[in-house]
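Values in this document were obtained by computation on a predicted structure and should not be read as measured data. Each chain gets a letter, A, B and so on, in the order its sequence line appears, and its residues count up from 1.
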Amino acid sequence: MAATEVSTGSTSGEPDPADFPIRWAWEEGPLTPGLSCVFRVKNEARNLPWVLPPMFDAVDHVVLVDNGSDDGTAEVAQQVAEQHGATDRFTLRSYPFRVARAGAEHLRTPPDSVHSLTYFYNWSFSHVRTSYSMKWDGDMVLTAEGVELLRDLSWQLEDSDAVVAIPRHPMSVESESVAWLDLGYRFLEPWVYPMGPEFTFVKAFEWEVREFPPSSERIVAPEGMCVELKWLDQDEFAHWSHTEFDPVRTPRKARELEVMRALHEGRPEDVEGLTRIEAPPGVHVVDYVTRQWMQLEPRPLTLRLELAEADRPVRR
Amino acid sequence: MSESKRRVVFVVGSGRSGTSTMAGALQALGMHVPQPEVRADETNPKGFAESKWVVDLHHELLQRWHVQVSDARPGAWYETGKASASGITRARLTEWLGPQFKEAQVTAQGEEPAIDELVIKDPRLAWFLGLWKSAALRTDAQPSYVTMLRHVTEVVGSKQRYYSQATNARQTTTGSHVQRTAAWVNMMLHTERATRDGTRAFVRYDDLLTDWTVPVFRLGQELDLEAVKSASANSIRAVHQFIDPDLKRVQATWADVPVPARLQELAESTWEGLAKLAEPGGDTPDVHALLDEVRAAYVEFYDEAEAVAQSSVVAARREGRQQASEERQPPPATFTSRARNKIRRTLGQ
């Protein structure tokens, strides 16, 4: 059964950092084979009913760490796990400290502070008991093919020390039946890592990064494995300490902002690669894209605008 | 979400386990084996029911990733897993698989029925199931798996009889028994793991030969195969003519297949676990957990054996390197070319 853990260890009623130590499972004994997914989330109640079920289908264990949500995120997560019959493969934890926002605020925060993204990530991943783990965002939905890929990797990666990068495709949801999928760029990020002292999180400029030794093999998953949900009726950039992105250092965020502005201003045609998708009647567009559209769409999916024109794939 | 009628049945299991018989039976009932097929030979006189394109693709991928058809290394699954995750290979396979399905059409020659249900079979197939799953999804087809089960001693005995000419001349019979038994354990345990979350069935070779109607009827129901569910009397007759109970020509026991006691124990545990999966309602989490334990024990056993044989590996690598270097050296110049060079040097050319 999942357990919710909220500690208020100090006499002042504030949570005591000493109650949130990072104790790695590998220090206590051998890890069990398999793949765990770790979510660190804040106010993702709206997304979790789409995000969690395919992830429960794909991996051996899910760890979800709630960081001060006020929209019932933890309750929704627990409910979805119960509905999916996955409570024995689900760990729910609460992290009560305010975590620095990505960007300048993060840069100012020491990595060993409980307020640092770095500490928060390491503490969250210290709950993993399997030999492989992956971070995942609370707004990323696996497609049917993505589920199958992770199911395979969960046993094939064992003892390999490989790191797996998976492209994500941002999808802005306009209504229950219409969404805009950004197929202009391929944004690739490593998500899946072995567990061990060489694979912990360290501080970077805007956020945290996970370390891995140069000898680790890197596997690049195909396109079409997951979408990242954006809701047009919501401020997607609230968790950033500023919204002026340097397109060189944070190209993905700069592109997201460009897409969001174009859609809000009613000029989607200005953004190359932005694709309108309409679901059939009675089917939610998120379900339609992740369970059907994405599989059947011819490859390559993205225009790869990040590449020089001569290096871009030919789309049919 | 999709209500597609398309199905792809992947027939897997070790070679010499009745995979050709199963695929051939499904073909006789009306499922389609993509053409052209590999031609029958003396090892399989009734044909393989194998698509040539599929065999060629698997052969190419195995070569590229340095994996053998019967490979005992647990780590080989990681190599073929990487091959299966390749976006380029997935697109290539999808491009081939899509046109294998066909709508019904009327041509000058008459009416051609639709092709909605395919059978894919090849002894190399299990290495690439992730790749095939992806192609099935991308062509709007529901994948399912039939794993054929035959006791390891019969499989190894049959391979020894039919494939012995292909065996490395320096390998002893005992050595090949051990390697083949280990490869069988590796193949069967990981095939079970790879198909665990999908729609699948396990069929014992003995059951198929004794009365094929029972296991094949069950496949039709469990895998939702229209060709089987609505099989005509003519196609049923065709299967009876195709399946020959005398096919089971090799009946070997451990007395014929001497292997180390620990490997025999692992092979027996694998067989017992898989046999449970073949029982109606037997595909349960308890059996999966049992097979996971056997798989972990096999990985440990193999790691140990590999460590023990490390000196042989190093020696073989050195020998191979030397051989390659000798092959790279240019042949000694002939007398004529030496003489010609001398004259050129003398003339200052």
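Taking non-hydrogen atoms and a 4.5 Å limit, the residue list of residues 84-94 of chain B in contact with chain A, ordered by number, reads B:A85, B:S86, B:G87, B:R90, B:A91.
Of the two parts of A:E148, the backbone and the side chain both hold a non-hydrogen atom closer than 4.5 Å to a non-hydrogen atom of chain B. Contact annotation for A:M225: only side-chain heavy atoms (C-beta onward) come within less than 4.5 Å of a heavy atom of chain B. Contact annotation for B:T139: only backbone heavy atoms (N, CA, C, O) come within less than 4.5 Å of a heavy atom of chain A. Contact annotation for A:V220: only backbone heavy atoms (N, CA, C, O) come within less than 4.5 Å of a heavy atom of chain B.
Around CD of A:Q83, the count of heavy atoms belonging to other residues, nucleotides or ligands within 6.0 Å exceeds 12. Other residues, nucleotides and ligands contribute at most 12 non-hydrogen atoms within 6.0 Å of the CD atom of B:E103. Around the CD atom of B:Q310, the shell of radius 6.0 Å holds more than 12 heavy atoms that belong to other residues, nucleotides or ligands.
Going from atom CH2 of A:W155 over to atom CZ of B:R295 covers 7.5 Å, rounded to the nearest 0.5 Å. In this structure, the separation between CZ on A:R299 and CD on B:E95 is 13.0 Å, given to the nearest 0.5 Å. To the nearest 0.5 Å, atoms CZ (A:R218) and NZ (B:K82) are separated by 14.0 Å. The CG atom of B:L137 sits 6.0 Å away from the CD atom of A:E145 when rounded to the nearest 0.5 Å. Atoms CG and OG1, from B:D292 and A:T32 in turn, are 11.0 Å apart once rounded to the nearest 0.5 Å.
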Practice problem: Test side-chain contact (heavy atoms from CB on, under 4.5 Å) on B:R193 and A:S154 and set out the steps. | Solution: CA-CA 10 Å; B:R193 184 63 191 84; A:S154 70; 3.8 Å; yes
Quiz prompt | B:Y78 vs A:I219, side-chain contact (heavy atoms from CB on, under 4.5 Å): CA-CA, chis, key distance, verdict | solution = CA-CA 11 Å; B:Y78 169 65; A:I219 297 174; 3.8 Å; yes
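Here the closest non-hydrogen pair linking A:Q156 and B:G81 is OE1-CA, 3.5 Å.
At a threshold of 4.5 Å between non-hydrogen side-chain atoms, the residues A:L296 and B:D140 count as touching. Within the 4.5 Å cutoff, no side-chain heavy atoms of B:W77 are placed close to those of A:E158.
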